[in-house]
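What's counted below: heavy atoms across the whole structure, side chains too, no hydrogens, waters or symmetry copies. Atoms within a ligand are numbered from 1 in the order they appear, just like the ligands themselves.
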Amino acid sequence: MTAILFVCLGNICRSPLAEGVFRHQVRQARMSDRFTIDSAGCGGWHSGERPDRRSIAVAQAHGIDISDQRARQIHIDDFDRFDLILGLDRDNVRHVTAMQPQGSPAKVALYLEEALGLTKNVPDPYYGGAADFEAVYRLCGKASAGLLETYRI
Ligand code: 4NP
């Protein structure tokens, strides 16, 4: 069993897509019983909210429903609950690393680096348009496939 937490700034745009797309691919691979999957934000400004309507829309356009997700802020307990905590950009990784308790075995890494070996951020689409959300969706598709590949037997 592997527990993976996807973390961005607000938990309404990028990490809900990272969570939703990974969950979808895991389900399609019939590997759902091998993962615990969740997402969180570095900040709590949007706690309790649904994902951004543009994230819901781009996922829906690709046949994935993320509308029942609710935003939450990363919590210190997450370092006990998750094996792998993936920041969608370097600022997120820095924030999570700074919070990590001494001796916590959780691995904190940059999402695209862990998944695809790319030292790149997933750009924040919050102030962008539909094309920016589509670009995030595509990155999440590729990253999820790369991530899942490392767990196939
Ligand atoms: P996310 O995008 O980190 O991908 O969820 C953002 C969401 C909200 C804000 C910034 C980025 N905000 O400033 O409220």
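Using cut-offs of 30° and 60° on the angle between ring planes, the pair Y111 and F6 is perpendicular.
Considering CG of D89 and SG of C42, their distance stands at 7.5 Å, rounded to 0.5 Å. Once rounded to the nearest 0.5 Å, the distance linking CD of Q25 with CG of L147 reads 9.5 Å. Here the straight-line distance linking atom CD of Q28 with atom NE2 of H24 works out to 3.5 Å at 0.5 Å rounding.
For ligand 1, the atoms lying closer than 4.0 Å to a non-hydrogen atom of H46 are 8 (C), 12 (N), 14 (O). Per-residue contacts place I12 under 4.0 angstrom from the following atoms of ligand 1 (heavy atoms of the residue considered): 5 (O), 7 (C), 8 (C). Close approach of ligand 1 to C13 (heavy-atom distance below 4.0 Å) involves ligand atoms 1 (P), 2 (O), 4 (O), 5 (O).
Remark: minimum distance from atom 1 (P) of ligand 1 to any protein heavy atom is reached at C8 SG, 3.5 Å. In terms of protein heavy-atom proximity, atom 13 (O) of ligand 1 is closest to Y126 CE2, 4.0 Å.
Side-chain contact check for H62 versus E134: some heavy-atom pair is nearer than 4.5 Å.
For ligand 1, the polar-atom distance check finds an N/O of R14 within less than 3.5 Å of one of the ligand's N/O atoms. At least one N or O atom of N11 sits closer than 3.5 Å to an N or O atom of ligand 1. At least one N/O-N/O distance between G10 and ligand 1 falls below 3.5 Å.
Selection from L9, V136, D124 by nearest heavy atom to atom 2 (O) of ligand 1 gives D124.
Heavy atoms from other residues, nucleotides or ligands lying under 6.0 Å from CZ of R90 number more than 12.
The closest donor-acceptor contact from the side chain of Q100 to the backbone of A106 lies under 3.5 Å.
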